[in-house]
Amino acid sequence: MDRLVGALEAVLFASGEPVSHGALLEILQIDGPRLEQLLDNYRQELLERHSGLQLQQIAGGWQLATNMDYYDYVQRLGEERDKHLSQAAMETLSIVAFKQPITKQEIEHIRGVRIEKIMSRLLEMELIRELGRKDTIGRPILYGTTDTFLQCFGLKDLGDLPELPAPDTNSLTQEQMILFQEQSE
Amino acid sequence: MDRLVGALEAVLFASGEPVSHGALLEILQIDGPRLEQLLDNYRQELLERHSGLQLQQIAGGWQLATNMDYYDYVQRLGEERDKHLSQAAMETLSIVAFKQPITKQEIEHIRGVRIEKIMSRLLEMELIRELGRKDTIGRPILYGTTDTFLQCFGLKDLGDLPELPAPDTNSLTQEQMILFQEQSE
Amino acid sequence: MEQYSINLECFQGPMELLMHLIDKNKIDIYDIPIASLTEQYIEYLDRYRSFNIEITSEFIIMAATLVQIKSRMLLPRPPKSQEDEEEADPRQELIERILEYKRFKEVSNVMEEMQQVQGRCLTREPMDIPVRHLAPRQLSLHELVEAFANVIAVRQELKLPPVLVSHEEYTIEEKMEELISRLHQQGGKMNFFAVFSGHSRSELIATFLAVLELIKLKTISVYQQNQYGEIEIAVHVEDKASAHGEAEPEEVMKREVQHG
């Protein structure tokens, strides 16, 4: 094995968290193309020997995680922290993810309920964070997602989010509008 | 690769602490001899491909750790490049640069303050280094600048350092300089 | 009856209850029979009440909204005109809200799956790696020399017998003016040590007292971002504004110079 692949493996193992491209370049003291090559080789190697580990591109960096195929075994360790989110929390988090930056009031308008507690729970879990303040009356806080969020959902970056279902309202044409005005008469 | 070796790898990776022999038997649902065989195979495999990881038997259990051979790389994960030097650090560094070899006590005498922390920071940054020991009571350590120092300031060698500030720019007369030197001894 | 209680507890908010009613009755979202929907919605709230389940204000607000839409639908519409086109269907906002909520409800299911998949890939806690500070990439030789000159200057002040120092008089007022003008020249902020560029002890003392006086007058403030960090002196913004109106720093500087 390429000595640098070993180094890459050791560094990713030690970090635990995603290591950025830039940090890897500096640590391994190589250039971009060489790093790409190393990452490719390493990923290939893990696949070939059906390793217990896998290389993931997450939250703007690279990280080692266990291979999902061995989840049954890993599960028996009982090491999992309960990351389960309630349906309400998941809905709220989805709205933040797709609509960021967004205020609490705007989320409440969409969900039709107060979300005080859910928001503080999401903040506590470091899935969302304050981004700043909106330039309107009361200067409400704007929220967005965090790197922890990307990690929990296995996302490379926010561009990696799933497609949001199309807003059907846009498909309401002028004719439809007239049509249902007539119907309601 | 034996599927159970992959499982062993995943389990050891995911566990935050050493996993006991008994726990491994239970998780992998195998008997003792089989586990010994797996552990042997896995250790062998790690060695053969010069992996970044190594298998350690520790505290009555098994755990994964980084391979010591790659420690230099791993260590760089903790590196933080400072943006600038504080005024106090720059002053201390200038004394070392212009007056080397010099002891900590002599620098403290000139600056009139304790410099314990500043010196250890400068040593950590490899801007200064120990040159040897002074032949006086207590044999205090003598400090000087390093190659990193030359690089950071864009100097070819120490001969490249500018002349000591001319006495008159500091309104120091020749006599004053002599006086000053005497006092600092 | 038990069936109701099970149903009732599922709804996290009025939007979800509405969506449930729309799904259950296979209602065309673009043509909501608002009267019957309102009726069913209120029926549900009544069941909540009969089971002593707390009805949060959100459910009541939605009920009020539905009733309001229903009543607006009953109002005779003015004859069709161009203006009429701009007047939205009373249900329009509700439709939009339901559709918007539906989008996020759907996507949150996808997100849930994604989280479950990722949850099967376990990561490790970071190893404890000691932090090591590296020297800045580039350092200024000029600053190094200046730092040394500074050391010598201070050293000389502290150690040389006073007779060797020329007698010069400095007043605190003079130093206060000088400091303010220098601060304005530098955009209102400067390094604390840069202030003490004087070479004689009496000048340093006068400067120091001037700094203290200006702090007391709240004209300037002195702060340090972090331990061992640079100490900075800054002119108070309010003070600058009140003393000189909305003037730009450059203008302030010019005026200062003229005064001086």
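Residue numbers start from 1 in every chain, and the chains themselves are labelled A, B, ... in the order their sequence lines are given, proteins ahead of strands.
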Query - Neighbour count above 12 (heavy atom, 6.0 Å) for B:Asp135 CG - result: no
Query - Pairwise side-chain contact, C:Leu134 with B:Glu124, heavy-atom cut-off 4.5 Å (strictly under) - result: no
Report task. Quick one: pull up CZ in C:Arg124 and OG in B:Ser15 and give me the separation to the nearest 0.5 Å. Result -> 9.0 Å
Query raised in the report: Are C:Arg132 and B:Glu126 close enough that some pair of their side-chain heavy atoms sits under 4.5 Å apart?
Result: yes
Query raised in the report: Does CD in B:Gln56 sit with more than 12 non-hydrogen atoms of other residues, nucleotides or ligands closer than 6.0 Å?
Result: yes
**Report entry** Max heavy-atom pair count under 4.5 Å with chain C, selected residue of B:Leu127, B:Leu77, B:Ile95
**Finding:** B:Ile95
Query raised in the report: Mind checking whether B:Phe149 and C:Leu139 have side chains closer than 4.5 Å, heavy atoms only?
Result: no
Query - Closest-packed option against chain C by number of heavy-atom pairs under 4.5 Å, given B:Lys83, B:Lys117, B:Arg76, B:Gln151 - result: B:Lys117
Query raised in the report: Measuring heavy-atom distances to chain C, does B:Gln75 have an atom under 4.5 Å in its side chain, in its backbone, in both, or in neither?
Result: backbone
Query raised in the report: Relative to chain C, which segment of B:Leu155 carries a heavy atom at a distance below 4.5 Å: side chain, backbone, both, or neither?
Result: side chain
Query raised in the report: If we only count heavy atoms from C-beta on, is the C:Leu144 to B:Phe153 side-chain gap below 4.5 Å?
Result: yes
Query raised in the report: Once you round to the nearest 0.5 Å, how far does CD of C:Glu146 lie from CE of B:Met90?
Result: 10.0 Å
Report summary line: C:Val145 and B:Phe98 have their tightest heavy-atom pair at CG2-CZ, 4.0 Å
Query raised in the report: With side chains defined as the heavy atoms from C-beta onward, is the minimum distance between C:Phe148 and B:Glu91 less than 4.5 Å?
Result: no
**Report entry** Interchain contact, B:Leu85 with chain C, by part (heavy-atom threshold 4.5 Å)
**Finding:** both
Query raised in the report: Just wondering, are more than 12 heavy atoms of other shown residues or ligands nearer than 6.0 Å to CG in C:Asp128?
Result: no
Query raised in the report: Are side-chain heavy atoms of B:Val74 and C:Met127 found at a separation under 4.5 Å?
Result: yes
Requested in this report: Please examine the side chains of C:Leu141 and B:Pro162, heavy atoms only from C-beta on, and report whether any two atoms are closer than 4.5 Å.
Outcome: yes
**Report entry** Rounded distance (nearest 0.5 Å) linking atom CD of C:Gln138 with atom NE2 of B:His84
**Finding:** 15.0 Å
Query - Side chain / backbone / both / neither for B:Ala88 at chain C, heavy atoms under 4.5 Å - result: neither
**Report entry** Main-chain N/O of C:Ala135 paired with B:Arg81 side-chain donor or acceptor, under 3.5 Å
**Finding:** yes
Requested in this report: Evaluate whether atom CZ of C:Phe192 has more than 12 neighbouring non-hydrogen atoms of other residues, nucleotides or ligands under 6.0 angstrom away.
Outcome: yes
Requested in this report: Could you have a look at C:Ile129, C:Asn191, C:Ile231 and say which one has the most heavy-atom pairs with chain B under 4.5 angstrom?
Outcome: C:Ile129
Report task. Decide if atom NZ of C:Lys24 counts as having more than 12 heavy atoms of other residues, nucleotides or ligands within a radius under 6.0 Å. Result -> yes
